[in-house]
Amino acid sequence: MFILFVFSLNRAIAEYLSHDLPYKLSPDDAFVTSGCTQAIDVALSMLARPGVNILLPRPQGWEVDLDAVEALADHNTAAMVIINPGNPCGNVYTYPHLKKIAETAKRLKILVIADEVYGLLAFGANPFVPMGVFGSVVPVPTLGSLSKRWIVPGWRLGWFVINDPNDIFRNPKIVERLKKYFDILGGPSTFIQAAVPRILQQTEDVFFTKTINILKQTSDICCERIKKIPCISCPYKPVGSMAVMVRNL
Ligand SMILES: *Cc1c(COP(=O)(O)O)cnc(C)c1O
């Protein structure tokens, strides 16, 4: 009974994320975490070794500065992180840009850790494309949660999902180590876990449309009001997430 329950939860997460992918994730690719925060913790613990570094690119024109990534990467670099849709810039990366990120990471032989806690919260011209779309180019651990799209940050339900259809990253040792690590981690409460399949499968579209409309309206208001404040400006109108970047004039 318990095994069935855990399996249906992981399967629900794998199915939910597979909607937007060119391949199907299996329940074995998905791990449940206590919010996206714990998924970040897992990613760091998984890669930790003496001297290792992870690149967190600064935005350059609201895209990843890939030249800077190439210049900074060294033999101790294990991964780069992207946050898409972006906090704090409110940007949403295009398909061609994500492809370039994947190709750069492949060349550098590093993973792309995709923090997609704002997944699908895009309200501008760029549709949200999950980094996992490029999982066959470069292995992508995708981190997410219910916190933002379902607006329930207190429920502490998140996921760590491996997008690696070609098994580049997935050697049995790494998977075994990950599974053992998840065995000793305290995940979210069982009450919330039991609700996840229905939450992921049966939330009505009108709920998401309403959230997107509110985000768009509030970001419009925010940018309008910022224009009226003499000492700051809004250089880029947000097209995703829940953040807006301001500039000090
Ligand atoms: C909010 C947020 C998180 C944490 O999400 P939780 O599910 O609440 O732990 C992680 N990354 C980014 C970029 C966030 O904005």
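Each ligand, and each atom within it, is numbered from 1 in the order the structure gives.
Residue Asp115 touches ligand 1 through its side chain alone, judged by heavy-atom distances below 4.0 Å. At a heavy-atom cutoff of 4.0 Å, ligand 1 is contacted by the side chain of Ser145 but not by its backbone.
Among all protein heavy atoms, the one lying closest to atom 5 (O) of ligand 1 is Cys36 CB, 3.4 Å. Residue, atom and distance of the protein heavy atom nearest to atom 4 (C) of ligand 1 are Thr37 OG1, 3.5 Å. With respect to atom 3 (C) of ligand 1, the closest heavy atom belonging to the protein is Lys148 NZ, 3.6 Å.
Here the rule is side chain to side chain contact (heavy atoms under 4.5 Å, CB included) with Trp159, and of Leu17, Leu143, Val196 only Leu17 fits it.
The heavy atom nearest to atom 7 (O) of ligand 1, out of those in Pro88, Gly144, Ser147, is found in Ser147.
Every atom of ligand 1 is numbered from 1 in the order shown, and the set under 4.0 Å from a heavy atom of Ile83 is 13 (C). Residue Gly35 approaches ligand 1 through these ligand atoms, each under 4.0 Å from one of its heavy atoms: 7 (O), 9 (O).
Under the 30°/60° scheme for interplanar angles, the aromatic rings of Tyr236 and Trp62 are found to lie parallel. Using a 30° and 60° split on the angle between ring planes, Phe182 and Phe31 fall in the parallel class, below 30°.
Ligand 1 has at least one atom lying under 4.0 Å from a heavy atom of Arg156.
Within a 6.0 Å sphere centred on CZ of Arg49, heavy atoms belonging to other residues, nucleotides or ligands number more than 12. Residue Glu204 places its CD atom among 12 or fewer non-hydrogen atoms of other residues, nucleotides or ligands, all under 6.0 Å distant.
Geometrically, ligand 1 and Ser34 share no nitrogen or oxygen pair separated by less than 3.5 Å.
Thr104 OG1 to Asp67 CG: the interatomic distance, rounded to the nearest 0.5 Å, is 8.5 Å.
Side-chain contact annotation: Ser241 with Asn87, donor-acceptor N/O pair under 3.5 Å absent.
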